[in-house]
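Lettering of chains follows the sequences in order, A, B, ..., and the numbering in each one begins at 1.
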Number of protein chains: 2
Amino acid sequence: MTMPSHLRIHIENDPTAPSLMVEEQALRQRLNGITGVSAAISINNTGQSEPVGHDADILLACRKMNIAEARAANPNLRFVQTISAGVEAYLDHLPADVSLANASGVHAAKGAEFILCAALMLNFNIPQFVTDKAHCVWAPRFGGTIAGQTILMLGVGSIGSAAARTLRSQGAHVIGVTRSGSPHKDLDELYPVEHLDQLLERADLVVCTLPLTQGTRNLMSAGRLARLKPKCGIINVGRAGVFDYQALEARLRSGELSGAVLDVFPEEPLPISHSLWDCPRLVITPHCCLDDHTTYISACLDIFVENVARFARGQDLINEVDRQAGY
Amino acid sequence: MTMPSHLRIHIENDPTAPSLMVEEQALRQRLNGITGVSAAISINNTGQSEPVGHDADILLACRKMNIAEARAANPNLRFVQTISAGVEAYLDHLPADVSLANASGVHAAKGAEFILCAALMLNFNIPQFVTDKAHCVWAPRFGGTIAGQTILMLGVGSIGSAAARTLRSQGAHVIGVTRSGSPHKDLDELYPVEHLDQLLERADLVVCTLPLTQGTRNLMSAGRLARLKPKCGIINVGRAGVFDYQALEARLRSGELSGAVLDVFPEEPLPISHSLWDCPRLVITPHCCLDDHTTYISACLDIFVENVARFARGQDLINEVDRQAGY
């Protein structure tokens, strides 16, 4: 990584998300705190692909964009910071000598709270009661508390581990799978993803926080969904492509699954014609339950400013994406 | 209170609630643990009003019943134990020399967990998203966590205080009203109920665990509901009569309230013709979310067996109902 004496930073904002737009002045003030770094900042608030800066070293991408095109317009571009955790939209066109860092970790506090909310909803049969209400059906169910239930985490990143801590504080038994399966202090049991089939048979509830990568696409296939216990519940706050949503919908309609709380979908916004809208035992949250806009950009700028300092000093970035792993 | 050498205990079961029926043999085994007490047990599993024992000293009422009639059939009757926490159905016909004890406390663990669930649901706008789904509407809302929100507890009994502890562990600021307003270790602030009007203006969320008494009936009148902040949420796990449900429904329909999670209703089961069934921003749970049938009867028998021992020794009962206060 080169070490420029003077950094040129370009911000690409998304004007359709006003609460997530970075202000040039706010960034300038925070960058002033970095010793020995001077920065020229350019900004595009139009959401249009042109201009994407012209001589930037660093790009702060607040909207989805083609990094190869940005690089063509900015030959010196060496580092792109996103304000999203998932980066599958950026990886397809990422030049070999451009580093990419994501906003992983920003979602941990709200994400853990939402997963707790969704897990309790499934324990209390809320998706079933919502469906019952639509049909004027009064059908009490007298289950127990979440203590003693077995919750299977697919992925244990910053959100998953924060959620595991919260769920264990309520008494749940939390197991999980990751690529390595190395033990994790926040989980009761952790296994390599190759052990998934056997674990599915133990889960009362499955929680997915996985990014979409070659290794996670269709991980929860129709065959794996069929291995779940009757009346298992599903929470997905990762990416829709990790599941076979057609098979998932069929199991919600049949009642084999007790319910699902889904925050992510194959197409977003979910088209009005999509069959999931009237799927029973399903609670839809429109891809918003991990994002706390009251603190979001501030937390993203914490990561970005730290990374600008590291870039200037030639140090490893935090949250740098492993382009092979895809996250 | 007399101190019989030999106790005659009658159990009135409710055959429509099989998981809540007390078995004579199970009770006999537990009573054998009380030193110096011998008991003759009679039981009625028919759910019919006749026979209600004939010479019982003690009645274990597992169904709603007229205590005056039970007393007429059992002249020695001096103590009635219920397996419900709410006792308004028993108080109208309670002879002056019969003590009544309820099952207060049995619901604390599951009740606190359900109130946490409902509070998180309201924080995450779940009632709104459920309504949006019914209309195929994709409308993200990017709020924060429950930390820093102000939650107003109406009543701080065993459920309310357990819920307050849980909500504070998530960072919420928990205030409340009781008859006395005496400070309580589990709440940030506690006031006499006469201060309610001012507190309503501070609440992001109102949680009612109150029993129905002369002092609580219509406490949350139309006028008090009108004092709530816009987008306040409502949780009621106490009794429906504490609220003006018509005014509550109107405020849910208009969107002045962000949503409600109601477990109790003016008539149960809620009649199929009732307008609440299609009220937007409302989650209905059919009066079942505090009752953990996996542990319920065992916990009730803990109270009852302790009370039988106290009755035999002429000691004060636990959970004895104050017939003036109504709980």
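Interface residues of residues 252-280 of chain B toward chain A, defined by a heavy-atom distance below 4.5 Å and sorted by number: B/F265, B/E268, B/P269, B/L270, B/I272, B/L276, B/W277, B/D278, B/C279. Below 4.5 Å, heavy atoms of chain A meet no heavy atom from residues 241-251 of chain B.
The side chain to side chain contact (heavy atoms under 4.5 Å, CB included) test with A/T285 singles out one residue from B/N125, B/D132, B/I126, and that residue is B/I126.
Ranked by non-hydrogen atom pairs under 4.5 Å with chain A, the options B/F129, B/Y296, B/F124, B/F114 are led by B/F124. Ranking A/L282, A/T295, A/T294, A/V283 against chain B, the residue ahead of the rest is A/L282, based on heavy-atom pairs under 4.5 Å.
For a residue to count as touching a neighbouring chain, one of its non-hydrogen atoms must lie under 4.5 Å from one of that chain's; by this rule A/T145 touches chain B with backbone and side chain alike. The part of A/N123 that comes within reach of chain B is its side chain, from C-beta onward, which places non-hydrogen atoms under 4.5 angstrom from that chain. If you measure heavy-atom distances from A/T166 to chain B, the contacts under 4.5 Å come from the side chain alone. Contact annotation for A/A139: only backbone heavy atoms (N, CA, C, O) come within less than 4.5 Å of a heavy atom of chain B.
The main-chain N or O of B/L120 is never found under 3.5 Å from a side-chain atom of A/E113 such that the two would form a donor-acceptor pair.
Across all their heavy atoms, B/K110 and A/G143 have their closest contact at NZ-O, 2.6 Å.
Inter-residue side-chain proximity for B/L116 and A/L116 is flagged as met; some heavy-atom pair is nearer than 4.5 Å. Between A/K133 and B/V130 there is no side-chain heavy-atom pair separated by less than 4.5 Å.
With rounding to the nearest 0.5 Å, the separation of CD in B/Q170 from SG in A/C117 is 10.5 Å.
Crowding of A/K231 atom NZ: a count of heavy atoms from other residues, nucleotides or ligands under 6.0 Å exceeding 12.
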